[in-house]
Novice: 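Dropping a structure here in structure tokens format, bear with me for questions.
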Amino acid sequence: MVCGKCGRVFDDGRQDFCPYCKTVHTKAGEPVRDIKGVLCYLTGRFGDDVLLDRRRADSLIADIFPKESAVRRLCYVALYDGCAQKLRAVKGKPFEVRSAAAARCVRSLRDEIGLKGRTAAEAVEAVAAALGCDISFRIEAPPSAAETESRKNITDSAEQYSLGRHFDRLRDYDRALYWFEQSAHQDCPEAEYYIGFYLMEGRGGNQDVNSAMEWFLRAAENGVPAAQYMTGYFLSEGIACDINEAAAFEWYLKAAKAGYKDAVDFVALCYETGTFVQKDPELAERWRRLLPGNPAPEPPREENEPPEPQPDDGEEDYQSARRCLAEKDYQGAAMFYRHAAELGHARAQCSYGKCLYLGSGVEKNVYAAYSWFSKAAEQGLDIAQYNLGVMYLKGTGVEKNRAEAKKYFRLAAENGHAEAAKVLEKLEGAR
């Protein structure tokens, strides 16, 4: 065999490593120098039990791969906190369970010992490959450069769901579906609903009403009102299942009790017309009073009737703006910041003010920036108060006013802004 590292020929019938450079080779003649190859070689030679004892594994790696010190350290880290035990325990479980366990291992490596996300994922993938536990953190088709930049190997289900919502708002359905799937594999109910919706509509290039029904049902059982409504709809219409009016009404009722507007309207209509249930105009009227814009409801007959829907506080738009910034989409960021700012979101008001102040993603307008900073400052946001202090101090967008600058720096400092406290101290000392 020809050594893949030094190029010399050696007898692989007697040994699997090059006697000249000590590089271990696979049976196919490939040099073993990466973490996946090292762990797979180890389990192939000693059995996968060896990975359950990281001290023994480390000792064997030190003997067999004496020159690969960096790989040895990474192998030791990969087995940190019982990673092998966790993945071995789910080896025969469904894909979603295996992926969820792998994600927990990545999170442990990242949060507890500071391993970078991509490195942590590669380490966990290497352990899984050595154990024969099939997992994946990536889609099969190679993504584009822009898509790769956006993914960042995020393994937290809430963050994955947030990314899915962000790309859904941008109508980038392929990327949205990717993130919803990643989140749903970690049992995020809202992501399960969105996968059902995407499969029903054919978004992301794949329409499958049977699978959509399964995802809707999973999300409905996990308490998502929109999924409960869709489950009721599928059962009442016999889509991808047999018609079951009694079960359909139960799901509609659960969604209505959770405050889902369409479900409330439908339940009221059922009682009004006698569809699925006995006709009861009085109860129909009580349900209708729960709809937005109607008079305050009387105590309904049913228990746990829904509260009034909560108004949009702009948080979703604010998070979407942050996603746009991560991708250097400054125009998209400014757009979402403005939407959230108009809904009264203090941090979005300040961020949109900054976009206007710098001309980032929007035409520069320091006067409009002052207005948005003022709105955020009125809500007690320290950074907005600091920004107003700077504008008054420099006379940008407003007439220069040292007293007003000190006032806003003082407010920001009282709210915990360290830089404002330093500036205020200098201004006070210069009197």
Side-chain angles (χ1 to χ4, degrees), residues 86-87 90-107 110 117-118 120-122 124-125 128-129 133-231 234 239-240 316 319-320 322-324 326-327:
K86 292 174 186 175
L87 293 177
V90 298
K91 183 176 177 179
K93 300 292 179 66
F95 177 78
E96 294 85 350
V97 178
R98 299 196 304 272
S99 294
R104 286 194 294 273
C105 292
V106 170
R107 197 154 50 243
R110 183 193 64 199
R118 181 61 255 167
E122 288 175 351
V124 173
E125 286 176 341
C133 178
D134 181 31
I135 62 167
S136 177
F137 296 106
R138 300 185 296 269
I139 57 173
E140 292 181 2
S144 65
E147 197 170 357
T148 302
E149 174 64 21
S150 71
R151 292 188 177 173
K152 304 298 185 186
N153 300 293
I154 295 170
T155 56
D156 179 75
S157 63
E159 191 76 0
Q160 291 168 339
Y161 171 71
S162 178
L163 276 167
R165 291 287 290 125
H166 165 67
F167 287 120
D168 177 67
R169 283 167 168 267
L170 296 178
R171 299 184 180 180
D172 189 343
Y173 298 131
D174 288 340
R175 296 163 87 178
L177 181 59
Y178 168 84
W179 284 113
F180 286 139
E181 286 175 341
Q182 298 304 302
S183 183
H185 289 158
Q186 297 191 63
D187 300 321
C188 175
E190 291 80 7
E192 293 170 347
Y193 163 73
Y194 270 96
I195 292 178
F197 184 75
Y198 269 47
L199 290 171
M200 179 183 72
E201 293 282 315
R203 293 185 179 182
N206 182 24
Q207 187 171 30
D208 185 345
V209 292
N210 292 304
S211 296
M213 175 60 179
E214 294 175 7
W215 283 106
F216 280 142
L217 184 58
R218 284 177 59 172
E221 290 172 345
N222 284 324
V224 178
Q228 293 168 342
Y229 177 81
M230 290 307 304
T231 301
F234 272 52
I239 301 173
E316 265 196 338
Q319 294 300 333
S320 288
R322 296 183 68 191
R323 297 288 169 227
C324 285
E327 295 199 334

Novice: Nearest 0.5 angstrom please: I195 CD1 to W215 CH2, how far?
Specialist: 4.0 Å

Novice: Could you give all pairs that pass the salt bridge (Lys or Arg N to Asp or Glu O under 4.0 Å) test and reach residues 189-211, with sequence neighbours left out?
Specialist: D168-R203, E192-R218

Novice: Quick check: closest heavy atoms across A220 and Q228, and the distance to 0.1 Å?
Specialist: O-NE2, 3.3 Å

Novice: For the atom pair CG (L177) and CG (L199), what is the distance rounded to the nearest 0.5 Å?
Specialist: 7.0 Å

Novice: Any side-chain heavy atom of V90 within less than 4.5 Å of one from I135?
Specialist: no

Novice: Is there side-chain contact between R165 and Q319, with at least one heavy-atom pair below 4.5 Å?
Specialist: no

Novice: Using the ring-ring contact (aromatic ring centres under 6.0 Å, His included) definition, which of the options Y178, Y173, W179 pairs with Y198?
Specialist: Y173

Novice: Go through the structure and list residues passing side chain to side chain contact (heavy atoms under 4.5 Å, CB included) with E221, not counting sequence neighbours.
Specialist: L217, W251

Novice: When you measure from the side chain of Q207 to the backbone of M200, do you find a donor-acceptor pair of N or O atoms at a distance under 3.5 Å?
Specialist: yes

Novice: Taking all non-hydrogen atoms of both residues into account, name the closest pair between G196 and A212 and its distance.
Specialist: O-CB, 3.3 Å

Novice: Applying the side chain to side chain donor-acceptor pair (under 3.5 Å) criterion to Q160, which one of Q182, H185, E181, Q186 satisfies it?
Specialist: Q186

Novice: Roughly how far, to the nearest 0.5 Å, is CG of D134 from CG of L87?
Specialist: 11.5 Å

Novice: Would the distance check show the side chain of R98 and the main-chain N or O of C133 forming a donor-acceptor pair, the cut-off being under 3.5 Å?
Specialist: no

Novice: For F197, what residues pass the ring-ring contact (aromatic ring centres under 6.0 Å, His included) criterion, not counting sequence neighbours?
Specialist: none

Novice: With sequence neighbours left out, write down each residue that passes side-chain hydrogen bond (donor to acceptor under 3.5 Å, both in side chains) with E214, or none if nothing qualifies.
Specialist: none

Novice: Taking ring-ring contact (aromatic ring centres under 6.0 Å, His included) as the definition, give me every residue that meets it alongside Y193, ordered by chain and number, with sequence neighbours left out.
Specialist: F216

Novice: Is any side-chain heavy atom of K86 closer than 4.5 Å to a side-chain heavy atom of R104?
Specialist: no

Novice: List the atom of A191, the atom of F180, and the distance in Å for their closest heavy-atom pair.
Specialist: CB-O, 3.5 Å

Novice: Using only atom types and a distance under 3.5 Å, with no angle test, would you say the side chain of T231 pairs donor to acceptor with the backbone of A227?
Specialist: yes

Novice: Do you know which two heavy atoms are closest between M213 and A240, and how far apart they sit?
Specialist: CB-CB, 4.1 Å

